[in-house]
Student: 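Please read through the structure below; I'll follow up with questions.
We count ligands from 1, going down the list as the structure has it; atoms in each ligand are counted the same way. Please read these numbers as outputs of a predicted model, since none were measured by experiment. When reading the values below, keep in mind they use all heavy atoms of this one structure, side chains included, and skip hydrogens, waters and symmetry mates.
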Amino acid sequence: MLLSAPGGPLSRTRQPAQSCTLLVCPENSAAHRTVQLRRSHGQRRQRGALHRQHRLLCRAQEAQSATSPAETTVDAVDELMDRVQELAGPVKEGLEGTSVYLVGMMGSGKTSTGKLLARMLGYPFLDSDVLIENLSKKSIANIFEEDGERYFRDLETSVLRELMPWKSCIVATGGGAVVSRDNWELMQHAVVVWLHGNAATLTHRTIADGTASRPLLGSSAHGGETGGDYDATHQRINKLLTERATMYAQADLCVPIDSNEPNRIAGASAAEVVYRVLKGLDVKLKHAKMDREQKKNFYIESVSGFPNANFLEPPDTTPSAKKGF
Ligand SMILES: Nc1ncnc2c1ncn2[C@@H]1O[C@H](COP(=O)(O)OP(=O)(O)OP(=O)(O)O)[C@@H](O)[C@H]1O
Ligand SMILES: O=C(O)C1=C[C@@H](O)[C@@H](O)[C@H](O)C1
């Protein structure tokens, strides 16, 4: 089996075409436990967990920001949680098992946001970078150093190919996954969400996190926000973002990760970004449903107005695997 989980196998549309090569990652097993939450306890526990993660992230942000953001008040967090929970049910229903793939630059929060989103939807979370590291038994930095970027990109495509048949997952892709046309073909059965942040937010986060594990940022920064380290990283991120923007823009949904509050340099909290993702998906799914309803009411009364009627192909009624998009 390609991917197994302690909570049982993931549902999938069909058997993977290739023989199995990936081993499940520890990250994955932790994420799969979220699926096992009992329904009776699910909502309360989801809310509690989200609260805790949100507070931790807010505290981290406060430490990094100049002022204490209003978003951290208990009332504001409660209200946000309510809105997130209200949206999670309908979005899950609307997705009908379609997986959600997160794309975006390094530091955009694909992992942090993805884990929360997975928790809220009751989907398992998978991280393609982690799967690559498990598969090759090397860190990404070592793969780049010893085998080169080309080799890494091929591994990335193999991992995405293996993930493709699996339904009802949240997948964090690598920051550069969007540069490959093959990867886009593999992701077409999922809903692809771009977590889009400005270069300053991304630089702030990657520097705070450390750039050593991110080979494309080189050893340009391990410290604070002043001096050459910040500038070099910002420049590198800005260049990559500019080169890749049109590719990220092919996503089904673009969600900003920056904060509405000017002093919040680390960007919006993960809970706020999850809310934005769910809201965006909800709107898209509703529109798509309305479109489908309208199409049902459309039929051609007569072919007399169509001189080439004999050559008309019957409409394709195969339901789209990618629900609603
Ligand atoms: N909403 C947020 N607020 C503050 N910090 C955040 C937020 N989301 C993520 N971070 C921080 O930014 C860093 C990068 O986040 P994360 O690993 O989730 O991003 P990523 O898109 O998966 O990055 P990469 O592609 O480089 O692995 C981490 O240190 C994380 O704690
Ligand atoms: O932006 C990129 O190209 C990368 C992002 C990371 O997630 C890793 O996939 C790797 O460091 C390359």
Side-chain angles (χ1 to χ4, degrees), residues 27 50 53-65 69 71-72 80 101-118 125-133 135-136 138-145 147-157 159-160 170-180 183 193-197 200-218 221-222 233 236-241 243-245 247-248 255-261 264-277:
E27 194 73 74
L50 193 59
Q53 292 201 35
H54 177 81
R55 278 203 214 97
L56 280 176
L57 274 167
C58 283
R59 256 182 241 144
Q61 283 177 298
E62 275 178 63
Q64 292 165 9
S65 307
E71 279 175 38
T72 55
L80 187 59
Y101 279 48
L102 301 176
V103 299
M105 283 286 291
M106 290 171 270
S108 58
K110 299 177 294 294
T111 305
S112 323
T113 309
K115 284 180 181 172
L116 271 183
L117 184 63
F125 172 76
L126 297 155
D127 187 321
S128 98
D129 282 345
V130 173
L131 289 169
I132 291 169
E133 291 187 327
L135 175 64
S136 60
K138 279 185 190 179
S139 70
I140 288 178
N142 280 348
I143 300 173
F144 267 73
E145 200 180 316
D147 309 300
E149 182 173 352
R150 183 68 263 154
Y151 181 80
F152 171 81
R153 297 291 169 209
D154 289 345
L155 272 182
E156 188 168 49
T157 300
V159 165
L160 291 176
I170 303 295
V171 177
T173 63
V178 293
V179 300
S180 152
N183 293 349
V193 178
W194 174 22
L195 299 182
H196 175 36
T201 307
L202 299 169
T203 306
H204 177 85
R205 286 187 184 179
T206 47
I207 285 184
D209 202 25
T211 53
S213 61
R214 297 179 167 95
L216 291 186
L217 297 184
H222 298 279
T233 305
R236 187 75 193 116
I237 283 181
N238 211 15
K239 185 167 181 289
L240 281 173
L241 187 55
E243 285 166 6
R244 292 174 177 176
M247 295 173 231
Y248 287 130
V255 172
I257 61 151
D258 299 313
S259 175
N260 296 326
E261 297 181 31
R264 217 178 161 96
I265 43 182
S269 71
E272 170 66 25
V273 179
V274 166
Y275 169 75
R276 293 176 188 175
V277 171

Student: With only distance considered, is Phe152 within less than 3.5 Å of ligand 2 through an N or O on each side?
Tutor: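 Such a contact does not occur with ligand 2.
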Student: Nearest 0.5 Å please: distance from the CG atom of Leu131 over to the CD atom of Glu133.
Tutor: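 These two atoms lie 10.0 Å from each other.
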Student: For Pro256, does its backbone N or O pair with a side-chain atom of Arg276 as donor and acceptor, under 3.5 Å?
Tutor: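 Present.
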Student: What atoms of ligand 2 come closer than 4.0 angstrom to any heavy atom of Ile140?
Tutor: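 Those atoms are 10 (C), 11 (O).
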Student: I need the atoms of ligand 1 closer than 4.0 Å to a non-hydrogen atom of Ala270, numbered in the order shown.
Tutor: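 Answer for ligand 1: 1 (N).
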Student: Heavy-atom contact under 4.0 Å between Glu133 and ligand 2?
Tutor: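 Contact check Glu133 vs ligand 2: negative.
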Student: In this structure, which one of Thr157, Asp147, Asp129 forms a side-chain contact (heavy atoms from CB on, under 4.5 Å) with Phe152?
Tutor: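 Per the side-chain contact (heavy atoms from CB on, under 4.5 Å) rule, the option paired with Phe152 is Asp129, out of Thr157, Asp147, Asp129.
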Student: Please check whether Asp129 reaches ligand 2 - meaning an N/O of the residue sits under 3.5 Å from an N/O of the ligand, judged on distance alone.
Tutor: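 Such a contact does occur with ligand 2.
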Student: What closest approach, in Å, do Arg264 and Ser259 show between heavy atoms, and which atom pair accounts for it?
Tutor: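 Nearest heavy atoms, Arg264 then Ser259: CD-OG, 3.1 Å.
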Student: Measure from atom 29 (O) of ligand 1 to every heavy atom in Leu216, Asp209, Ile207, Leu202 and give the option owning the shortest one.
Tutor: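 Considering heavy atoms of Leu216, Asp209, Ile207, Leu202, the nearest to atom 29 (O) of ligand 1 sits in Asp209.
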Student: Number the atoms of ligand 1 from 1 as they appear, then name those within less than 4.0 Å of a heavy atom of Ser112, with their elements.
Tutor: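 It comes down to these atoms of ligand 1: 8 (N), 9 (C), 15 (O), 16 (P), 18 (O), 30 (C).
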Student: Looking only at protein heavy atoms, which one is nearest to atom 12 (C) of ligand 2, and what is the separation?
Tutor: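 Closest protein heavy atom to atom 12 (C) of ligand 2: Arg153 NH2, 3.9 Å.
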Student: Nearest to atom 24 (P) of ligand 1 by heavy atom, Arg214, Lys115, Arg205, His204: which?
Tutor: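 Checking each option, the heavy atom nearest atom 24 (P) of ligand 1 is found in Arg214.
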Student: Run the contact test for Met105 against ligand 1 with a 4.0 Å cut-off on heavy atoms, strictly below, and give the result.
Tutor: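 The answer is yes: ligand 1 sits under 4.0 Å from a heavy atom of Met105.
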Student: Can a donor-acceptor pair be found, under 3.5 Å and without considering hydrogens, that links the side chain of Lys110 to the backbone of Met105?
Tutor: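 Pair found, side chain donor or acceptor close to backbone of Met105.
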Student: So for Gly107, does at least one of its heavy atoms come nearer than 4.0 angstrom to any atom of ligand 1?
Tutor: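 Judged by the 4.0 Å heavy-atom criterion, Gly107 does count as contacting ligand 1.
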Student: Answer side chain, backbone, both or neither: which part of Ala208 comes under 4.0 Å from ligand 1, heavy atoms only.
Tutor: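 For Ala208, no heavy atom sits under 4.0 Å from ligand 1.
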Student: Taking distance alone, with N or O pairs closer than 3.5 Å, would you say Gly109 contacts ligand 1?
Tutor: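 Yes, at least one N or O pair falls under 3.5 Å.
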Student: Distance under 4.0 Å to a non-hydrogen atom of Gly174: what atoms of ligand 2 satisfy this?
Tutor: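 Close to Gly174: 7 (O), 9 (O).
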Student: Looking at Thr113 and Leu102, what are the two nearest heavy atoms and their distance?
Tutor: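 Taking every non-hydrogen atom into account, C-CD1, 4.5 Å.
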Student: Just to check, does Ala172 reach to within less than 4.0 Å of ligand 1 when the distance is taken from its heavy atoms?
Tutor: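 It does not, in that no heavy atom of Ala172 comes within the 4.0 Å cut-off of ligand 1.
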Student: Please find the pair of heavy atoms, one from Trp194 and one from Gly104, that lie closest to each other, and give the distance.
Tutor: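 Scanning both residues completely, I find the closest heavy atoms to be CD1-CA, 3.8 Å.
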Student: Would you say ligand 1 has an N or O under 3.5 Å from any N or O of Gly267?
Tutor: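 Looking only at distances, the answer is no, because the N/O contact criterion of under 3.5 Å is not met.
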Student: May I ask whether Arg244 has any heavy atom positioned less than 4.0 angstrom from an atom of ligand 2?
Tutor: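 Checking ligand 2 against Arg244, which is what was asked, there is a heavy-atom contact under 4.0 Å.
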Student: Nearest 0.5 Å, what's the CG-CD1 distance between Asp127 and Ile132?
Tutor: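 Interatomic distance, Asp127 CG to Ile132 CD1, rounded to 0.5 Å: 9.0 Å.
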Student: Please determine whether any non-hydrogen atom of Ala268 lies less than 4.0 Å from an atom of ligand 1.
Tutor: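 Yes; Ala268 lies near enough to ligand 1 that a heavy-atom distance drops under 4.0 Å.
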Student: Quick one: which ligand 2 atoms are inside 4.0 Å of a heavy atom on Leu216?
Tutor: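 Within the 4.0 Å cut-off of Leu216, ligand 2 contributes 2 (C), 3 (O).
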Student: Rounded to the nearest 0.5 Å, what's the gap from NZ on Lys138 to CG on Leu155? Could you check?
Tutor: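 If I round to the nearest 0.5 Å, the distance is 9.5 Å.
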Student: Identify the heavy atoms of Ala141 and Pro215 that sit nearest to each other, and give their distance.
Tutor: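 The answer is CA-CG, 4.1 Å.
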Student: Tell me the contacting part of Ser269 for ligand 1: side chain, backbone, both, or neither, using a 4.0 Å heavy-atom threshold, strictly below.
Tutor: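 Near ligand 1, Ser269 shows its backbone, while the atoms from C-beta on stay back.
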Student: Which residue supplies the protein heavy atom nearest to atom 5 (C) of ligand 2, what is that atom called, and how far is it?
Tutor: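 Result for atom 5 (C) of ligand 2: Gly175 N, 3.2 Å.
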Student: Could you tell me if the side chain of Leu216 sits less than 4.5 Å from the side chain of Glu149, heavy atoms only?
Tutor: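 When only atoms from C-beta onward are counted, Leu216 and Glu149 do touch, with a gap below 4.5 Å.
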Student: What are the two closest non-hydrogen atoms of Ser269 and Leu80, and how far apart are they?
Tutor: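 In this case the closest contact between Ser269 and Leu80 is OG-CD2, 4.5 Å.
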Student: Counting heavy atoms only, name the option from Ala177, Pro215, Gly176 that's nearest to atom 11 (O) of ligand 2.
Tutor: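 Ranked by closest heavy atom to atom 11 (O) of ligand 2, first place is Pro215.
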Student: Which atoms form the tightest heavy-atom contact between Ser136 and Ile143, and what is the distance?
Tutor: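 For Ser136 versus Ile143, the nearest heavy atoms are OG-CD1, 3.2 Å.
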Student: Tell me whether Arg236 contacts the main-chain N or O of Leu217 through its side chain, where contact means a donor paired with an acceptor under 3.5 Å.
Tutor: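 Judged by distance alone, no pair lies under 3.5 Å.
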Student: Judged on heavy-atom distance to atom 17 (O) of ligand 1, which of Thr206, Thr111, Thr201 sits nearest?
Tutor: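 Nearest heavy atom to atom 17 (O) of ligand 1 lies in Thr111.
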